[in-house]
Amino acid sequence: MHRSCTTVTCALPLDGDASVCAPCLRRLDRALARVVGGLPRDLDLALARQRRTGPGNLGRRSTGIPLAFDPSITEAAAVLHDTLSAWCRTLREPGTPDPAGNEPSTLASWLSRRTGVLRRHALGPECVDEVCAAVDQAERAVDLPSDRVIAGPCPQCATPCYARAGAASTRCPDCEATVSVGEGRRRMLLAAGEHLVTAADAARALQVLGHRVTPASVRGHARRGRLRPRGTGSAGRPLYCLGDVVDVYLTRPCTGDRTVSRRP
């Protein structure tokens, strides 16, 4: 029977008893390598700069109290650490040593040595989705230009691709394939269906509709009763039907793109 990879942005065929396709596993390897390579340090530096300088108001009076820093950076750092830590606990087998520290780079290094095991692990797709979403959120918080929008997964290797706002296409940073922004967004929207995702995954996926969505905003809709959890993921995280999340945001104005009136 034909089986497909079930990560959020992928539907490539699986080989044998694998639960994650090879391109998605490489995507996880690259995400972990970015953490080991200094992404947590970049978050710390970005936060330190904002705490030192503040947002500034060019001499204008403000009727409110300005934030000393962008809360998206602190949230991204917390999500990155918590996600990596949770997956280290989930994948640690009895009798095997714990990571030699609690820093994100140490946790990522520990996980990177176990990606081969994840290829056939039942929770492999969930791990790929959550870790890659956390890394993507951290990179956006640090330095992703505001005029960049997600273009959808590469049709060749499933790598999430970004394009300049208003561009019709872009190139995959990994395999150089041409990615149509419109088609990529359409594929992601059609794939939503009954797919169960974490708040972080839902926030990333909803970028295809032009909404500036954070995991905190998705969880806020759940607290207000607009979303109902459909299950529980690793570390007790609630899982939401991506189609339900899409429906919530369809009633809101679309940022930087046309509003979608209904799901296909």
Side-chain angles (χ1 to χ4, degrees), residues 3-44 76-142 153-154 156-160 173-175 195-205 215 231-239:
R3 297 184 304 120
S4 299
C5 184
T6 57
T7 62
V8 169
T9 61
C10 184
L12 295 177
L14 293 172
D15 296 327
D17 60 348
S19 61
V20 180
C21 69
C24 283
L25 204 63
R26 289 195 295 271
R27 181 157 58 92
L28 176 62
D29 278 326
R30 290 191 298 270
L32 292 171
R34 293 198 290 274
V35 178
V36 175
L39 180 57
R41 182 180 64 251
D42 293 340
L43 284 166
D44 289 341
V79 168
L80 180 64
H81 175 271
D82 292 349
T83 300
L84 294 172
S85 180
W87 278 107
C88 285
R89 293 194 302 270
T90 299
L91 297 176
R92 181 182 175 275
E93 297 178 352
T96 59
D98 288 324
N102 195 38
E103 294 299 317
S105 57
T106 303
L107 299 173
S109 179
W110 190 91
L111 284 173
S112 68
R113 296 191 294 273
R114 287 156 178 81
T115 54
V117 175
L118 275 171
R119 187 166 185 263
R120 290 178 171 80
H121 199 289
L123 295 177
E126 189 176 342
C127 180
V128 171
D129 284 335
E130 291 196 3
V131 172
C132 290
V135 172
D136 286 348
Q137 181 182 356
E139 290 186 323
R140 288 196 300 270
V142 172
C154 171
Q156 300 298 323
C157 67
T159 296
D174 288 339
C175 72
H195 204 108
L196 297 182
V197 295
T198 63
D201 292 330
R204 178 177 59 157
T232 304
S234 64
R237 289 186 179 90
L239 299 178

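We use all heavy atoms of the structure for the numbers below, so side chains are in, but hydrogens, waters and symmetry mates are not. This structure is a prediction, so every number in the text was calculated from the model and none was measured.
Of all heavy-atom pairs spanning C21 and P13, the tightest one is CB-O, 4.2 Å. Minimum interatomic distance between A76 and L43 (heavy atoms only, all atoms of both residues): CB-CD2, 4.4 Å. Residues H121 and P125 approach most closely at O-CD, 4.1 Å, considering heavy atoms. The two residues V20 and C24 have their closest heavy-atom pair at CG1-CB, 3.7 Å. A pairwise comparison of heavy atoms in E130 and W87 identifies OE1-NE1, 3.0 Å as the closest pair. Scanning all heavy atoms of the two residues, the minimum distance from A18 to R120 falls at CA-CG, 4.1 Å.
If you take SG on C132 and CZ on R34, they are separated by 7.5 Å, rounding to the nearest 0.5 Å. A distance of 11.0 Å separates CZ of R27 from SG of C154, quoted to the nearest 0.5 Å. Distance check, rounded to the nearest 0.5 Å: CZ of R114 to CZ of R92 gives 9.5 Å. Of the inter-residue distances, the one linking L32 atom CG with L107 atom CG reads 10.5 Å to the nearest 0.5 angstrom. Atom OG1 of T115 and atom CG of D29 lie 4.0 Å apart (nearest 0.5 Å).
At a threshold of 4.5 Å between non-hydrogen side-chain atoms, the residues V128 and L118 do not count as touching. Contact of the E139 side chain with the L80 side chain is not registered, since no non-hydrogen atoms from C-beta on lie closer than 4.5 Å. The closest side-chain heavy-atom distance from T106 to L84 is not below 4.5 Å. A heavy-atom distance below 4.5 Å is found between the side chains of Q137 and P215. Contact annotation: the side chain of T232 never approaches that of L239 to less than 4.5 Å [non-hydrogen atoms, C-beta and beyond].
Within the structure, the side chain to side chain donor-acceptor pair (under 3.5 Å) test picks out the following pairs touching residues 76-86 (sequence neighbours left out): H81-N102, S85-R89.
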**OP:** For side chain to side chain contact (heavy atoms under 4.5 Å, CB included), just list the numbers for V35 and V135, CA-CA rounded to whole Å, side-chain angles, deciding distance to a tenth of an Å, and then say yes or no.
**Re:** CA-CA 7 Å; V35 178; V135 172; 3.7 Å; yes

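With hydrogens and angles ignored, the 3.5 Å screen pairs a side-chain donor or acceptor of S19 with a backbone N or O of R119.
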